[in-house]
Amino acid sequence: MFDRIDEMSVNAIRALSIDMIENAKSGHPGLPLDAAPMGYVLWAKQMKFNPKDTHWINRDRFILSAGHGSALLYSLLHLVGSKVSIEDLKRFKTYSSNTPGHPEYGVTEGVDASTGPLGQGFGMALGMAMAEKHMAARYNKPDFPIIDHYTFVLSGDGDLMEGISHEAASLAGHQKLNKLIVLYDSNDVSLDGPTSNAVSDDTRKRFEAYGWNYEFVKDGNGLEEIHHAITRAKGQSEKPTIIEIKTIIGYGAPNEGTNLVHGNILGKEGALSAKKKYGWEHPEFTIPQEVYNRFKETAEKGMKAEEDWIQLFKAYKEKYPELADEFETAIHGELPKDWDRDLPVYQAGDAEAGRMTSYKMIQQLSKNIPYFWGGSADLFSSNRTNVKDEEIFQPETPEGRNIWFGVREFAEAAAVNGIALHGGSRVYASTFLVFSDYMRNAIRLSALQKLPVTYVFTHDSIALGPDGPTHQPIEHLTSFRAMPGVVLFRPCDPNEAIASWKLAIQSKDHPALLALSRQDLPVLPGTGELAGEGVARGAYVLSKQQGDKPEGILIASGSEVPLVIEAQKILANSNIDVSVVSMPSMELFDQQSDEYKDSVLPHDVTKRVSAEMGSTLCWGRYVGLDGASIGIDRFGASANADELIRLNGFTVENVVETFKSLKMKKQLV
């Protein structure tokens, strides 16, 4: 099946990878040189994709989980005719090029996910395979398999050491994701040396225990053997597959088989030596036309596959017009016209925990948005993020919209990234705010990839009480506010919670984090009229001063807003006239015009006090040098919630005294 031109094509991948890395004087040649054969077989013979339309919804996905081997991926994208030119390859790792050091979604056409933090590509592939199975169950009809594709992953030894790979592999096996296929570049070497210094896992036993099919290829250069293993994997009906392919890291290079070729350039002599071993005699960045022609066959096959699919979808749309319209809306990342109908309404006198308001929102959004789904890390009963009228997403019910992620927070966050990257879903994940630490690196990739994922974090403060400091978030709000590309909401009452959810579900280019209370929050006067626009602007004056201009400002988020409103009343009794600002989202407030920001926090009103049950670090820019922040800069304790709140200074009396102390200081100057 494979001939001389196929062998030449494999070596073309290697040669281009060497040229890129040598030209940049930086890179990781080890993986591209040893994995070129598996990359070629997959892309040229097994994968269904159209390089001229890298967003076709029914294409096979490819995730280079070992993202440090990006030169391999860029070489393939160039050779197959995607929008990666020789000039782009020459700009590898340079500022503002479309060939960055690690693959970046949204930067390079044909890159299906941003990878580099090892293991996360594996986790995102899990989500893609879940999305494929879920969408197939919802939209496919007899004779109309409009969603029918595979998710392929290329993983290295490092990926499989990372804990996320264990979480993701376990869940994939449980879900019987037979269209998930992992090519394991098994070269027994990592950055520092032989993997035997750190790991002695039996890969076959490990993955078979997870419920996977295992294939073994003893020769990483054996194109036929690799091809047949992938074909057998595609024949699986109930199991994902891992194909362990034994390779020699940096194959052909002077230091092949050692860690010295993992992340070091070969150098001029080393590059020439490797190319000589491949029989490659062409100048740098030069590819013979016969190689381009061979890859052109792959491209034409992919274009034909998409053309056939377009015809299939036209027939599908004639027979199932409503379902087809829904499908198109979903894959275009839009919301149905009536997505916000019949949402919960709250009046003064009502009171409800943030997590319960969120629960009601999720129920109605699920009714209004058929492709809205998500799950929890074994905390449905606490997060209240399950949809009561929907089934569980399971092998027997893949149309189910409640995802039981189990106690696997990192894999949960990576999986929802994968679901969002796949397209066709609005997806959310949930856990306690304190356990967002397990998700942090995946949330960072949500932001980096500009994915509209919603994270529902409940139990947002020490107010969860007796469970103690291990469960009480302190630094979490501040740390997420420091993360670029994230929008965090901490609503003060049910009306703000509704507004926060509405903004989150409409996001197109960023993840939204909802920090929600366990305890009841009263509906505050004014939020019914002001919260919609106020939350969208990040902060607003919820309770005005009595006079034309405030003497000071009390600022708070979440459950502390009712506290400062009570303090405002006490201060008024002492003829101290202050305004109250609710600040549910610092990120959105910082995006507003200077004029608006000054209307909320007038620059010449310097006496300001903030209150939030968490780290005070991020509040300094809002209260200024003349202000004060009431917060918690130490770990919590195990005690009754009301006692903890009082002991940490979240009382009306402390807010009043803190503000008065600012007034006294000002008078003494």
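Heavy atoms only: backbone and side chains are in, while hydrogens, waters and symmetry mates are out.
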Run through Asp60, Asp148, Thr241 and flag the one making a side chain to side chain donor-acceptor pair (under 3.5 Å) with Lys179. Asp148
Quick one: are the ring centres of Tyr214 and Phe207 less than 6.0 Å apart? no
Distance-only donor-acceptor check, side chains Thr247 and Asp185, under 3.5 Å: yes
For the residue pair Tyr40 / Asp6, report whether a side-chain donor-acceptor contact shorter than 3.5 Å exists. yes
If you measure from the Lys or Arg side-chain nitrogens to the Asp or Glu carboxylate oxygens, is any gap between Arg204 and Glu244 under 4.0 Å? no
Hey, can you tell me if Trp373 and His134 have their rings parallel, tilted or perpendicular (30° and 60° cut-offs)? parallel
Ion pair Lys246/Asp188, N-O distance below 4.0 Å: yes
Close side-chain approach of Leu154 and Leu31, heavy atoms under 4.5 Å: yes
Between the side chains of Ser446 and Asn417, does any donor sit under 3.5 Å from an acceptor? yes
Taking side chain as C-beta onward, heavy atoms only, is Leu79 less than 4.5 Å from Trp43? no
Checking Arg14 against Tyr278: charged group under 6.0 Å from the ring centre and within 45 degrees of the axis? yes
Under 30°, 30 to 60°, or over 60°: which ring-plane class applies to Phe92 and Tyr74, parallel, tilted or perpendicular? perpendicular
Exercise: do Glu109 and Asn98 side chains pair donor with acceptor under 3.5 Å: no
Can you say whether the rings of Phe432 and Phe435 are parallel (under 30°), tilted (30 to 60°) or perpendicular (over 60°)? parallel
Angle class for the Phe480/Phe457 ring planes (parallel below 30°, perpendicular above 60°, tilted otherwise)? parallel
Taking atom types as modelled, find out whether Arg384 and Thr458 have a side-chain donor-acceptor pair closer than 3.5 angstrom. no
Flag the pair His422 / His149 as yes when their ring centroid distance falls below 6.0 Å, and as no otherwise. yes
Are Lys83 and Asp88 ion-paired here, with the side-chain N under 4.0 Å from a carboxylate O? no
Looking just at side-chain N and O atoms, do Ser366 and Arg401 make a donor-acceptor pair shorter than 3.5 Å? yes
Pairwise distance CD1(Ile248) to CG(Leu33) - rounded to 0.5 angstrom: 11.5 Å
Pairwise distance NZ(Lys45) to CD(Glu224) - rounded to 0.5 angstrom: 9.5 Å
Under 3.5 Å side-chain donor-acceptor pair for Asp34 and Asn187: yes
When you measure from the centre of the six-membered ring of Tyr150, is the NZ or CZ of Lys234 closer than 6.0 Å and no more than 45° off the axis? yes
Side chains of Thr195 and Asp157: donor-acceptor distance under 3.5 Å anywhere? no
Lys205 and Glu208 ion-paired at < 4.0 Å: no
Restricting to non-hydrogen atoms, name the atom on Ser155 and the atom on Ser65 that form the minimum distance, rounded to 0.1 Å. OG-CB, 3.7 Å
Measure centre to centre between the rings of His102 and His68, then say whether the value is under 6.0 Å. no
Check this for me: does any side-chain nitrogen of one of Glu334 and Lys508 sit under 4.0 Å from a carboxylate oxygen of the other? yes
Under 3.5 Å, is there a donor on one side chain and an acceptor on the other for Thr231 and Gln46? yes
